[in-house]
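Encoded as structure tokens, the structure appears first; notes follow it.
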Amino acid sequence: MLDKTYNPQDFEEEIYKKWESDGDFKPDMKSDKDAFCVVLPPPNVTGVLHMGHALNDTLQDILIRYNRMLGKKVLWQPGTDHAGIATQMVVERNLAKEGISRRDLGREKFIETVWKWKEQSGGTICKQLRRLGASCDWSRERFTMDEGLSAAVRKIFVKLYKDGLIYKAKKLVNWDSKFMTAVSDLEVVQKETVGKMYYYKYPIAGEEGEYIHIATTRPETMFGDTAVAVSKDNEKLKHLIGKKAILPIINREIPIIADDHADPEKGTGAVKITPAHDFNDFEVGRRHNLPLVNILNPDATLNENTPFAGLDTQTARQKTIEKMEELGLMEKIEDHPMVIPYGDRSGVVIEPLMTDQWFVDAPTLAKEAIRAVEDGETKFVPQSYEKTYFEWMRNIQPWCISRQLWWGHQMPIWYAEDGTIFCEETEAEAQAAADKQFGRHVNLTRETDVLDTWFSSGLWAFSTLGWPDENSDYLKTFYPTSVLVTAFDIIFFWVARMMMMSMYGMKKIPFKTIYMHGLVRDEKGQKMSKSKGNTVDPMETIEKYGADALRFFMAAMETQGRDINMNENRIAGYRNFATKLWNAARFGEMNEAKPVKDFNISEVKLAINKWIIAKAQEATLEVSKNIEAFRFSDAANGVYQFVWGTFCDWYIEMIKPILYGEDEAAKQETRASFAWVLDRILVILHPFMPFITTQLWDNLASRDVKLIHHPWPQNEVIDDQSAQALDMVIDIISSIRSLRAEMNLPAGAKLKAYVKDASASELSHIKDFANIICSLARLESIEALSGAASSDMVQTVSGNLTILIPLKGVVDFAAERERLQKELAQLDKNLAGYAAKLSNASFVERAPAKVVEEEKRRQSEALANKEKVEAALARIANL
RNA sequence: GGGUGUGUAGCUCAGGUGGUUAGAGCGUUACGUUGACAUCGUAGAGGUCGCAAGUUCGAGUCUUGCCACUCCCA
């Protein structure tokens, strides 16, 4: 027997453990069916599950479970990302608590510590994914730093290097002074702030009392100035071009050059050029062959090229201003709105800095990645994301892949004493190559930089399937993967890079479809963030409402291209939905509705049972179609509507008279049909709510097949002949219920009803379903009206039928007149609309005949109804 | 500044290709403990579909302009 109340905490975790220990998530590699594969976007190993994951993983699990039930060979490939900076940060913070810095430990010991941390605390998010019900094949769990994936990284790195697509260059890069590493453009966030604009002047060399006026937001960088630029079109200032300015304080002469970077309309029209510390100035410097003067140390303090060595930029700025004031060169300081770059992990100001770094030639790799999408080999859903993708890919910049961190893939690069570079997959190979080239044994030292985390996750679609082993069964079976499901915020970080790396490494697309979903926001539509304190922990939600309710919420809210706002009421609503299903199942149990082996739906005789079976099949079709089209909300709402609105609200209520009646054959068939439909519900609801469906499946009967592997119904022939009769019954019941409510008839009053204007077949249906109608509309009887309607009868119209109920002295006829007047007004309004359309010659001429016919039908129906209502009004006019 | 979305009931949201009286859940009102379920049932109220013009026999849906907000890129 099922428990009286639905309590997901009682069974969800156990069910998951059983699936996992039974190997239910593993693909049957011997099967000859189509393959279906999804790679899990690897969460950071430091991560904990947030609502974004809950959405992402629910959608993937729905696709995975649906396709598994379709009988395909299904793999959901899980794993985690080593998350370079994030992980190093966590471990460094832990060490700091014990007063140890990573430098105290040294590189090797530190990395050991990270690995230890990973073993102990790295698996949190994977446990949480299990709690959500994600049916990943955990036996194949990978980590971006594990041996296989590291081999993939080395192999592709060497290949790229030898193809000339990885190179070392001294360039201006985004420098994070907290972690003392370069970061990529994507890891920099631009924040708007109100800063200051400083106006000062530089003396002109050899011209006493002449100055050039400068406006800058960063006075302390003046020690790195190697020119002042003026536009050649600047009438006021162009006479200065070719002269020299003197950098005050350090008294260095710098040229005044002509360059359009200096906009005559902005600031003073003259711009100080600091090529080593500004991306724009760097370009100016290159155009004019200006020297680069670096004024910063790696920790963003000023160096000995300045008078303020060792001071941080803020202090140095104050000192510079003071000095300039002393010299009488400071003019004014104004508030100035500006955009300042910050490190997305470190939160410190990012400084452009000249350093030696390694780059991937992204513009070259992007070509194939663009082509694959242009040619439709990979499709974006919703398609509009193609635009974003193309926009980015066509303007892509070289990708800085080196990081001056310790945690990550160390680059397979070795230097000889003279600096010659050797790039091989192993040290031995590098040594051999070096010895061969030099003709003697040389000492090699390895590059200390590690790779950007996204370099290894860029290989994820194929490295997890066994590459570089080209003969791997999994690689052959599952590559290209079927669908990638991800949020749009990592389209550049990850999706674009996987496309590039896969097209380069595999010469084939990584996935056929990329499904992009939105972000999960808080109730007000604000982005969730720890600093705002508006995050909702999915684990707490699951604890309170069950994983199924959270999953169903995510599915039901997922409409293409839109963000999802959290809504606890709604989650509670889906928990109620689960409760509803639970109680429906209990109803079946109490009424001995057990699944019947080899139950043949084509032999079902009762219209009510035929009807619900057809409706269940229609719902199945709807769910299938919508999942295939990635219309998750339509799919979820389809099952919801069927379970609650059709099965519980109508079918269960309508079969009660049968189940409590005397007709044994009818009872038997109804019990079997009920059980069949309930089973069908469990099947089509399973991808959305795997736990409750499995719990019910396992407890309602002994089964030959586990629900997780139950075949998904396909190609069914739907017999909906009985649909019309049942629709009429439902319509009659609804009309009578409305009438009762509107007239405030006591719920307990048993009434007699008479039907007018019914055809012979309609009358026979009414007779067949009389007990159902009476039970649900709380009538004493329903039969055909013989003779004229008596004057105390109130009426309601249902389709083309008129239902009359005599109400001697029970009713307030004034209220009834009011009700009928209201109905009449509505009918008149509609009739006016139909008449306007049909008297419009161009409508009748140009609209399709079907539409015109339909309009005429509606008009005549409304007219007939109007007559009936008028008759009823006349009848009770004097009461 | 460039680009992209969004604006529908009190709230949160659905409304592929234009065609009934624009739907759901929550909330709300009235009634109800009828032998699964009060985490419930029945019935109702509630909308100039952001604004304005246009195309069309017909516009929530297509076009243009405007307003407000979101996000991405500079």
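A note on names: the letters A, B, ... follow the listed sequences, proteins ahead of strands, and every chain is numbered from 1.
For the atom pair CZ (A/Arg551) and CG (A/Leu55), the distance works out to 11.5 Å, reported to the nearest 0.5 Å.
Residue contacts shown for A/Arg740 are absent, as no nucleic acid heavy atom lies under 4.0 Å away. Note on A/Phe577: nothing from the nucleic acid sits closer than 4.0 angstrom, heavy atoms only. Within the nucleic acid shown, A/Arg737 comes within 4.0 Å of sugar-phosphate atoms alone, with no base atom in reach, counting heavy atoms only. Residue A/Glu653 is in base contact, counting any heavy-atom pair closer than 4.0 Å across all strands shown. The residue A/Ser738 sits close only to the backbone: its heavy atoms come under 4.0 Å of sugar-phosphate atoms, none of a base. As judged by a 4.0 angstrom heavy-atom cut-off over every strand, A/Arg586 is placed among residues touching the sugar-phosphate backbone only.
Separating the CG atom of A/Asp634 from the P atom of B/rC13 is a distance of 16 Å, rounded to the nearest angstrom. Here B/rC71 presents its P atom at 17 Å from NE2 of A/His517, a figure rounded to the nearest Å. Going from atom CG of A/Asn395 over to atom P of B/rC72 covers 18 Å, rounded to whole Å. If you measure from atom CG of A/Asn565 to atom P of B/rG5, you get 19 Å, rounded to the nearest angstrom. Separating the CH2 atom of A/Trp644 from the C1' atom of B/rC26 is a distance of 12 Å, rounded to the nearest angstrom. Atom CD in A/Glu523 sits roughly 14 Å away from atom P in B/rC11 (whole-Å rounding). B/rC71 atom P lies 13 Å from atom CG of A/Asp489, rounded to whole Å. Distance A/Glu622 CD to B/rG16 P: 14 Å, rounded to the nearest Å.
When both distances must be under 3.5 Å, the Watson-Crick or G-U wobble mate of B/rC40 is B/rG32. Remark: B/rA52 base-pairs with B/rU64; criterion is Watson-Crick or G-U wobble with both hydrogen-bond distances under 3.5 Å. Of all nucleotides present, none satisfies the Watson-Crick or G-U wobble test against B/rU4 with each distance under 3.5 Å.
The closest side-chain heavy-atom distance from A/Glu543 to A/Gln9 is below 4.5 Å. Considering only heavy atoms from C-beta on, A/Phe587 comes within 4.5 Å of A/Leu659 through its side chain. Within the 4.5 Å cutoff, the side chain of A/Asp663 has no heavy atoms near those of the A/Lys667 side chain.
Counting only heavy atoms from C-beta on, A/Arg575 has its side chain closest to B/rU39 among B/rU39, B/rU12, B/rA36. Side-chain proximity of A/Lys387 to B/rU6, B/rU4, B/rG41: nearest is B/rU4. Of the candidate nucleotides B/rA36, B/rU12, B/rU39, B/rU39 has the atom lying nearest to any side-chain atom of A/Thr579. In this structure, the nucleotide among B/rA36, B/rC40, B/rC72 sitting nearest to the side chain of A/Lys527 is B/rC72. Taking only side-chain atoms of A/Arg521, from C-beta outward, the nucleotide of B/rU34, B/rG25, B/rC71 with the closest atom is B/rC71. With distances taken from any side-chain atom of A/Asn576 to the nucleotides B/rC72, B/rU39, B/rU34, the minimum falls on B/rU39. The side chain of A/Tyr660 approaches B/rG35 more closely than any other nucleotide in the set B/rG35, B/rC40, B/rA43. Residue A/Asn583 has its side chain nearest to B/rA36 when only B/rA36, B/rC13, B/rG16 are considered.
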Practice task
Evaluate the criterion side chain to side chain contact (heavy atoms under 4.5 Å, CB included) for residue pair A/Thr535 and A/His50; output intermediate values, then yes/no.
Solution key: CA-CA 8 Å; A/Thr535 54; A/His50 57 60; over 6 Å; no
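Aromatic rings from A/Tyr640 and A/Tyr574 are positioned such that their centres are separated by under 6.0 Å.
Straight-line distance between the C1' atoms of B/rG10 and B/rA45: roughly 12 Å, to the nearest whole Å. Across B/rU34 and B/rU29, the matching C1' atoms stand 23 Å from one another, rounded to whole Å. Taking atom P in both B/rG7 and B/rU21, one finds a spacing of 24 Å when rounded to whole Å. Rounded to a whole angstrom, the distance from the P atom of B/rA9 to that of B/rG58 is 26 Å. One P atom belongs to B/rU55, the other to B/rU64, and the distance between them is 15 Å to the nearest Å. Spacing between B/rA53 and B/rA14 at atom C1', rounded to whole Å, works out to 29 Å. Separating the P atom of B/rC13 from that of B/rU4 is a span of 23 Å, rounded to the nearest Å. Of the P atoms belonging to B/rG5 and B/rU39, the separation is 44 Å, rounded to the nearest Å.
Using a 4.0 Å cut-off between charged nitrogen and carboxylate oxygen, A/Lys625 and A/Glu622 do not count as a salt-bridge pair.
Nearest-nucleotide positions on RNA chain B for A/Gln641 and A/Ala572 put A/Gln641 closer to the 5' end. Both A/Asp649 and A/Gln560 lie close to RNA chain B; mapped to their nearest nucleotides by heavy-atom distance, the more 5′-ward contact belongs to A/Gln560.
When the shell of 6.0 Å around CD of A/Gln724 is examined, it contains 12 or fewer heavy atoms from other residues, nucleotides or ligands.
Taking side-chain N and O atoms only, A/Thr559 has a distance below 4.0 Å to OP1 or OP2 of B/rA14. One finds no side-chain N or O of A/Lys625 lying less than 4.0 angstrom from the OP1 or OP2 phosphate oxygen of B/rG16.
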